[in-house]
Each structure stands twice: as C-alpha cells, then as structure tokens.
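Some notes on the structure that comes next.
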Amino acid sequence: MDPKGQRVKLNDGHFIPVLGFGTFAPPEVPKSEALEVTKFAIEAGFRHIDSAHLYQNEEQVGQAIRSKIANGTVKREDIFYTSKLWSTSLRPELVRPALEKSLNNLQLDYVDLYIIHFPVALKPGEALFPTDENGKAIFDSVDLCHTWEALEKCKDAGLTKSIGVSNFNHKQLEKILNKPGLKYKPVCNQVECHPYLNQSKLLDFCKSHDIVLVAYGALGSQRIKEWVNPNLPYLLEDPVLSAIAKKHKQTPALVALRYQIQRGVVVLAKSYNKKRIKENIQVFDFELTPEDMKAIDGLNSNIRYNEILLCVGHPDYPFFEEY
C-alpha cells in the first residue's frame with residue numbers, strides 16, 4: 001500500500017484506490033440516477049469508479065465524472081475509472097471498437113482499467129444477452145488468449161492505463177499467465193467476494209502472481225431475480241457480522257467492507273442510497289482485530305449470489321472450478 005494507505009500498487013506500476021464505487025443498478029432504476037449518485041460519491045470522497053458497457057450507464061457516469069472535473073472537485077488523474085469488455089465483444093477484432101465505444105459514451109480520453117467482464121463469449125451483435133427461440137444463450141467460441149492480446153494493444157495505444165479480468169477462475173488466469181509472448185499480466189481479477197464466499201484460495205493464487213483481487217457483491221447482493229437465487233440468506237443480517245459491528249459501533253456493511261481491505265482485497269461498495277454512500281467512506285475510520293477477522297473467515301460457506309446461470313453450458317463457464 002502507498003503512504004496514504006488507501007491505494008494499492010498494481011503490477012504495472014499504477015495505483016488503484018482500495019475502495020471503489022460500484023455503479024451497477026437494476027433495470028428499473030432510471031439512468032439519471034447513475035449521474036446523481038456518481039456525482040454524490042465523488043463529493044463524498046470516492047475516487048475509484050467502477051462501471052461497464054453491460055450496465056448501460058457509462059454516458060451518465062462519464063457526465064458525472066466530467067462535471068466534477070469541470071467544477072474543480074477533482075482532476076482527471078484523481079479518478080480511477082474501470083470499464084469492462086462485454087461477452088459479445090470477445091473476438092479480438094471487436095475489442096478496441098468496444099473500448100472506443102465506452103470512451104465515446106464517457107467522453108473521456110482513456111480509462112484507468114479495462115477488464116474482460118466474463119470469460120464466456122456470446123454471439124456478437126446489439127443484444128447484450130443473445131438468445132435463441134427457446135431462450136437459451138447463443139454462445140460464441142473465442143480463445144481468451146487472443147482477446148487478451150487485443151487488450152494489450154489497447155494499453156499500448158493509450159486507451160487504457162491497465163488491463164485485467166473479471167470472473168476468471170485460477171485455471172483461466174493460468175492460461176493467460178502462461179501464454180507464449182505475454183506482454184502484460186492481468187493487474188486484477190474482479191470477482192464476487194464477501195464473507196459467505198471469501199475466495200481465500202483464489203486470493204492466495206492471485207497474491208502469488210501479484211494480481212489484485214477486486215471484490216464485487218461485497219455486501220451480499222441486490223436481489224435481481226434473473227441473477228440471484230432469492231432463497232439465499234441475507235449477508236448483512238448475519239449474527240456474527242452484526243455482533244462485530246455492534247462492538248465497533250459500525251454497521252454490518254462497514255464491517256464486511258473493512259474485512260476485505262484488511263485482507264488486501266480492493267473492494268467495491270455499491271449503493272444508490274446517499275446516506276449509505278457517505279457511510280461507506282467511513283471504512284477507514286476503524287480496524288478489525290485478528291479475532292474479528294478470524295470470526296468473519298469462519299462464515300465462509302461458498303454461497304455464490306451471482307451464478308450467471310444463462311452461461312452454464314459454455315466450456316469457459318468459470319464457476320465449476322473450486323476457485
């Protein structure tokens with residue numbers, strides 16, 4: 001960590017703030033909300049903003065970032081912005097156009113981090129989730145190593161400062177790391193990670209290769225019926241988390257975020273509630289004890305909220321591996 005204690009150095013020399021603001025919202029939330037909450041998050045102190053082509057809100061998020069630069073709240077270099085390459089653009093020739101489209105929506109000259117959103121390739125085209133007449137996903141077949149080479153070219157072209165992956169298991173990471181002629185290692189692997197799915201094996205693997213683990217879904221999950229099994233327990237109602245929160249006079253959400261930071265994980269806090277956005281910044285105001293950390297480690301039960309079941313039939317579906 002750097003002296004400010006709030007950024008981690010990536011394997012390419014750039015720094016990523018350990019706390020990020022996640023901008024994903026369910027479809028029923030109006031896009032204008034993304035503009036308002038992103039502006040608010042920057043005002044509250046967030047400097048790491050995470051979005052994606054899939055979220056369909058980069059125009060609004062970009063507008064928020066630009067307005068905060070225009071009024072002098074931040075400079076462009078103060079903001080760490082992540083975008084993601086969606087599954088319909090994994091063919092190498094589609095990678096740069098996809099990034100250029102995101103940049104155009106954002107009205108920014110570069111992103112700080114561009115990552116492969118999900119290792120499963122879907123049929124290219126306008127539909128984000130192309131399906132056949134039976135509602136089954138239409139897959140594409142792409143060698144992820146070739147996709148990676150196209151990302152390396154985007155980095156060389158200055159369109160993105162860093163490149164990484166998301167939702168990759170350790171075998172898929174190894175495939176990239178062992179690729180002949182590898183120019184840049186992935187700087188990160190962004191995965192679902194919270195006390196019920198603490199990813200300790202994947203975290204150890206990533207640390208051993210100087211890859212940062214970035215946690216999404218760190219507070220459990222929004223209950224979006226297409227994605228999330230509604231019968232799973234609510235993480236933030238867990239009695240162990242609640243007891244630790246009470247002891248520190250914090251909320252269970254802050255304890256769940258703090259847990260990640262103390263393990264060396266970069267954590268995304270996703271909220272469209274202004275009170276909670278403000279609260280999430282307070283993660284730096286307290287510290288969990290080794291006993292607290294051990295108790296939270298003990299909650300791991302491999303509960304995955306985001307299974308992305310639509311993609312199960314694809315050979316690159318990542319979640320059948322143990323880690």
Answer yes or no: does atom [atom1] of [X] have more than 12 heavy-atom neighbours from other residues, nucleotides or ligands under 6.0 Å?
{"X": "Arg47", "atom1": "CZ", "value": "yes"}
{"X": "Lys123", "atom1": "NZ", "value": "no"}
{"X": "Lys278", "atom1": "NZ", "value": "no"}
{"X": "Lys175", "atom1": "NZ", "value": "yes"}

In Å and rounded to the nearest 0.5 Å, what is the [atom1] to [atom2] distance from [X] to [Y]?
{"X": "Cys193", "Y": "Tyr259", "atom1": "SG", "atom2": "OH", "answer": "7.0 Å"}
{"X": "Ile296", "Y": "Ile244", "atom1": "CD1", "atom2": "CD1", "answer": "4.0 Å"}
{"X": "Glu279", "Y": "Leu257", "atom1": "CD", "atom2": "CG", "answer": "9.5 Å"}
{"X": "Asn198", "Y": "Leu203", "atom1": "CG", "atom2": "CG", "answer": "8.5 Å"}
{"X": "Leu241", "Y": "His194", "atom1": "CG", "atom2": "NE2", "answer": "11.5 Å"}

Does a side-chain N-to-carboxylate-O contact under 4.0 Å join [X] and [Y]?
{"X": "Asp285", "Y": "Lys249", "result": "no"}
{"X": "Arg76", "Y": "Asp109", "result": "no"}
{"X": "Glu58", "Y": "Lys101", "result": "no"}
{"X": "Lys247", "Y": "Asp292", "result": "yes"}

Heavy atoms only: give me the nearest [X]-[Y] pair and the separation to one decimal.
{"X": "Ile163", "Y": "Leu151", "value": "CG2-O, 3.7 Å"}
{"X": "Asn280", "Y": "Ala269", "value": "ND2-CB, 3.7 Å"}
{"X": "Pro119", "Y": "Leu144", "value": "O-CD2, 3.6 Å"}
{"X": "Tyr110", "Y": "Gly158", "value": "CB-O, 3.6 Å"}
{"X": "Val187", "Y": "Ser162", "value": "CG2-CB, 4.0 Å"}

Is there a donor-acceptor pair closer than 3.5 Å between any side-chain N or O of [X] and the backbone N or O of [Y]?
{"X": "Ser87", "Y": "Val120", "value": "yes"}
{"X": "Gln260", "Y": "Val267", "value": "no"}
{"X": "Trp148", "Y": "Leu177", "value": "no"}
{"X": "Thr147", "Y": "Leu90", "value": "yes"}
{"X": "Gln199", "Y": "Val191", "value": "no"}
{"X": "Arg258", "Y": "Gln282", "value": "no"}
{"X": "Ser89", "Y": "Ala98", "value": "no"}

Pairs of donor and acceptor atoms involving the side chains of residues 13-40, under 3.5 Å and at least two apart or interchain, shall be tabulated with distances.
residue: Thr23; atom: OG1; partner: Asp50; partner atom: O; Å: 2.8
residue: Thr23; atom: OG1; partner: Ser51; partner atom: OG; Å: 3.1
residue: Thr38; atom: OG1; partner: Ala34; partner atom: O; Å: 2.6

Could you pull out every donor-acceptor pair under 3.5 Å between side chains of residues 316-323 and any protein atom, sequence neighbours left out?
residue: Tyr317; atom: OH; partner: Glu307; partner atom: O; Å: 2.5
residue: Glu321; atom: OE2; partner: Lys171; partner atom: NZ; Å: 3.3
residue: Glu322; atom: OE1; partner: Lys201; partner atom: NZ; Å: 3.4
residue: Glu322; atom: OE2; partner: Lys201; partner atom: NZ; Å: 2.5

- prompt: Does Glu126 have any side-chain hydrogen bond (donor to acceptor under 3.5 Å, both in side chains) partners at least two apart in sequence or in another chain, and if so, which?
  reply: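 In terms of side-chain hydrogen bond (donor to acceptor under 3.5 Å, both in side chains), with neighbours along the sequence ignored, Glu126 is linked to no residue.
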
- prompt: Residues in side-chain hydrogen bond (donor to acceptor under 3.5 Å, both in side chains) with Ser67, at least two apart?
  reply: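 Checked Ser67 against side-chain hydrogen bond (donor to acceptor under 3.5 Å, both in side chains); zero matches.
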
message: Taking salt bridge (charged side-chain N to carboxylate O under 4.0 Å, His left out) as the definition, give me every residue that meets it alongside Arg304, ordered by chain and number, with sequence neighbours left out.
response: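 For Arg304, no residue satisfies salt bridge (charged side-chain N to carboxylate O under 4.0 Å, His left out) once neighbours in sequence are set aside.
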
query: Is the closest side-chain donor-acceptor distance between Ser271 and Asn273 under 3.5 Å?
result: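 Side-chain D/A pair, Ser271 to Asn273: absent.
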
Taking distance alone, no hydrogens or angles, what donor-acceptor pairs closer than 3.5 Å link side-chain atoms of residues 204-215 to residues at least two apart or in another chain?
residue: Lys207; atom: NZ; partner: Arg263; partner atom: O; Å: 2.8
residue: Ser208; atom: OG; partner: Phe205; partner atom: O; Å: 2.6

- request: Compare all side-chain heavy atoms of Glu152 with those of Leu182 and state whether any distance is below 4.5 angstrom.
  value: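 In contact.
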
